[in-house]
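Throughout, protein chains are lettered first and strands after them, A, B, ... in sequence-line order, and every chain is numbered starting at 1.
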There are 2 protein chains.
Amino acid sequence: MELSSYISVDCVIFGYDGEKLNVLLVKRTLSEESNHLNFEPDWTLTGNHVYQDETIETAANRILFEITGLSDIFLEQFKTFADPQRLLKPKDQNWLKSIGRNPAIRVATIGFFALVATQKVALKWMGREVKWVPVKEVGTLGFDHNQILEEALIAIRQKMKHEPIGFELLPSKFTLTQLQNVYEQIFDAELDKRNFRRKVSRMKYVIPLNEKQKGVPHKPARLYMFSREVFDITNQELFDFIV
Amino acid sequence: MELSSYISVDCVIFGYDGEKLNVLLVKRTLSEESNHLNFEPDWTLTGNHVYQDETIETAANRILFEITGLSDIFLEQFKTFADPQRLLKPKDQNWLKSIGRNPAIRVATIGFFALVATQKVALKWMGREVKWVPVKEVGTLGFDHNQILEEALIAIRQKMKHEPIGFELLPSKFTLTQLQNVYEQIFDAELDKRNFRRKVSRMKYVIPLNEKQKGVPHKPARLYMFSREVFDITNQELFDFIV
DNA sequence: GCAAAAGTGTTTCTCATACACCCATGT
DNA sequence: ACATGGGTGTATGAGAAACACTTTTGC
């Protein structure tokens with residue numbers, strides 16, 4: 001059995017709240033009976049072991065559903081972390097023991113990223129403490145999760161340049177300013193409003209609605225929707241989302 | 001131990017021979033003593049299990065070295081295949097048994113792709129039969145390796161659009177026609193010679209040498225080299241390699 | 001009426017695309 | 001001399017970038 005490993009998935013759940021890009025973290029604590037280890041709770045990405053006979057995609061969706069109550073979230077595998085040294089810190093070893101794992105066995109984890117509009121997620125208590133944290137304010141995480149988060153950011157930036165996934169972070173009806181802000185946040189760059197709008201107007205799958213914002217203390221903006229159908233049809237002309 | 005898995009890596013080794021894009025395959029046979037299973041040999045990608053205390057990158061490099069005799073090859077992880085059903089075909093189950101594995105345990109494999117100029121590889125006999133096959137002529141492979149090859153192709157196309165990795169498939173000195181041909185092969189498209197050369201002339205890291213082809217029965221072409229140093233310095237202006 | 005964000009046009013420059021002929025070498 | 005691939009220039013159109021003012025609403 002010496003060649004075998006545990007397999008887990010870690011989901012980097014990105015959420016956009018209209019202002020900043022956030023990531024969903026869960027508090028890592030030990031069970032009651034392991035408390036003699038005086039384990040200082042800390043925060044980690046959302047992850048879990050893959051069940052017997054379960055695909056990694058199913059496992060990732062399961063985690064997402066358990067934590068956000070949502071299914072059909074945009075989710076994609078981006079990298080696997082399998083360094084035999086990755087969970088050798090005493091804290092991680094203690095944690096592994098506390099959940100009944102053999103801490104000498106490697107844990108290979110497949111990293112997924114997920115995109116969601118934070119308003120869609122009701123963070124109710126599901127047995128674990130959970131919070132949104134702005135990506136730029138994330139401190140030191142448990143396990144090797146800072147590294148996984150970094151790689152996830154690289155992956156979504158790369159992906160976002162060439163595929164229309166910014167919409168996944170917005171409600172189904174959104175304004176162009178909100179869309180622009182998503183790109184500005186993720187690329188950490190400022191975009192020109194007129195140029196951005198001209199570019200979007202060329203994307204036939206961003207569809208203007210006959211509907212406006214309500215209750216805002218300024219000129220209400222027109223709402224738009226994203227049509228994946230139209231995109232799939234017209235995507236021969238693969239737009240660049242490069243900023 | 002029911003939650004554990006084997007971990008392997010599979011390397012999709014792409015080679016360019018001046019004409020076509022090829023992939024390196026190895027013949028899958030059983031050891032002498034397992035021959036009662038009358039196992040029909042077939043072809044697979046190059047892969048292997050990851051040793052205890054070995055990183056997956058080290059394992060991939062080890063496989064590459066064992067098969068090609070080369071180190072410092074361009075190599076990158078692109079996707080993990082971990083479906084519990086992936087090796088349930090009787091042939092794969094027999095093969096697993098023949099190498100002493102428990103066929104009921106899942107094998108998760110991390111796919112890497114490698115790029116190399118075929119001239120650099122001397123295919124000597126290293127205990128296994130090995131051959132280059134043009135990507136378009138690959139037949140049915142063992143395991144789920146047709147799927148892994150497909151995904152590898154998608155990954156290198158994607159990567160090649162935005163990073164200067166086409167050079168990895170060429171000798172260190174190459175002509176512009178060779179470079180153009182690499183892109184044409186991989187994207188399965190024809191490019192305009194003049195436009196291609198104008199585009200390349202803007203890439204300061206493709207450096208013209210004062211050296212020409214010799215012994216060709218036509219006007220000898222100027223040779224060029226790729227400088228990763230220059231690229232790393234000037235890569236703020238991230239060129240698109242889109243065709 | 002004022003604060004706040006929405007919305008809109010023009011100019012300039014770079015790059016993509018399309019296209020046809022002469023050049024240097026080996027045989 | 002001829003076959004073979006090497007090498008070059010121009011015109012057109014699309015999109016990127018830079019930039020400032022008017023409009024509509026809630027209060």
Side-chain angles (χ1 to χ4, degrees), chain A residues 17-19 160-162 164 170-171 173-185 187 189-225 234-243, chain B residues 17-20 160-162 164 170-171 173-185 187 189-204 206-225 234-243:
Chain A
D17 57 9
E19 212 179 322
M160 195 156 298
K161 282 181 185 169
H162 310 289
L170 290 170
K173 298 177 181 178
F174 52 86
T175 70
L176 294 183
T177 301
Q178 288 168 344
L179 183 63
Q180 179 175 340
N181 203 253
V182 164
Y183 282 92
E184 289 182 333
Q185 286 301 311
F187 291 108
E190 291 203 352
L191 302 179
D192 180 87
K193 184 160 62 158
R194 281 175 287 190
N195 294 337
F196 182 82
R197 291 162 107 94
R198 185 173 19 250
K199 188 161 183 170
V200 171
S201 72
R202 264 182 265 121
M203 305 174 182
K204 305 199 188 70
Y205 46 88
V206 180
I207 300 172
L209 302 174
N210 286 323
E211 199 174 339
K212 303 202 164 189
Q213 277 182 315
K214 280 186 186 134
V216 286
H218 57 256
K219 179 171 174 176
R222 159 163 266 158
L223 295 175
Y224 290 75
M225 61 169 283
T234 60
N235 70 352
Q236 11 275 51
E237 39 143 355
L238 256 185
F239 264 106
D240 264 357
F241 289 82
I242 289 177
V243 289
Chain B
D17 57 8
E19 210 180 324
K20 290 177 173 179
M160 197 156 297
K161 282 181 187 169
H162 309 289
L170 290 169
K173 298 176 181 179
F174 52 86
T175 70
L176 294 185
T177 300
Q178 289 169 343
L179 183 62
Q180 179 176 341
N181 204 251
V182 164
Y183 283 92
E184 289 182 332
Q185 287 300 312
F187 290 108
E190 292 204 350
L191 302 180
D192 180 86
K193 182 159 64 157
R194 281 176 286 193
N195 295 337
F196 182 82
R197 291 162 108 94
R198 190 179 9 253
K199 189 163 184 169
V200 170
S201 72
R202 264 181 265 124
M203 305 175 182
K204 306 199 188 69
V206 181
I207 300 171
L209 302 174
N210 287 323
E211 199 173 341
K212 303 200 165 191
Q213 278 182 315
K214 279 183 187 138
V216 287
H218 52 77
K219 178 171 174 176
R222 159 162 264 156
L223 296 175
Y224 289 75
M225 62 169 283
T234 60
N235 71 351
Q236 11 275 52
E237 40 142 355
L238 257 186
F239 263 106
D240 263 357
F241 288 83
I242 289 176
V243 291

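- At whole-Å resolution of the value, CG in B/L179 and P in D/dG6 are 13 Å apart.
- Distance check, rounded to the nearest 0.5 Å: CD of A/Q178 to CG of A/L223 gives 7.5 Å.
- When side chains are defined from C-beta on, A/R197 counts as touching A/T177, because their heavy atoms get closer than 4.5 Å.
- Sorted by first then second residue, the side-chain hydrogen bond (donor to acceptor under 3.5 Å, both in side chains) pairs that include residues 215-225 of chain A, not counting sequence neighbours, are A/N210-A/R222.
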For this session: Let me have a per-nucleotide readout for nucleotides 6-14 of chain C, 5' to 3', with B, S or -, counting only protein heavy atoms under 4.0 Å.
Result: BBBBB----
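- Computed from coordinates, the A/F196 CZ to C/dA5 P distance equals 18 Å when rounded to whole Å.
- Regarding A/L191, its CG atom lies at a distance of 11 Å from the P atom of D/dA18, rounded to whole Å.
- When atom types are taken as modelled, the side chain of B/E184 and the backbone of B/L191 share a donor-acceptor pair closer than 3.5 angstrom.
- Residue B/K199 has a polar side-chain atom (N or O) positioned under 4.0 Å from OP1 or OP2 of C/dA16.
- Annotation: of the two residues near DNA chain C, A/P217 and B/V216, the 5′-most nearest-nucleotide partner is A/P217.
- Side-chain atoms of A/H162 and B/K161, non-hydrogen and from C-beta on, never get closer than 4.5 Å to each other.
- The CD atom of A/E19 sits 8.0 Å away from the CD atom of A/Q185 when rounded to the nearest 0.5 Å.
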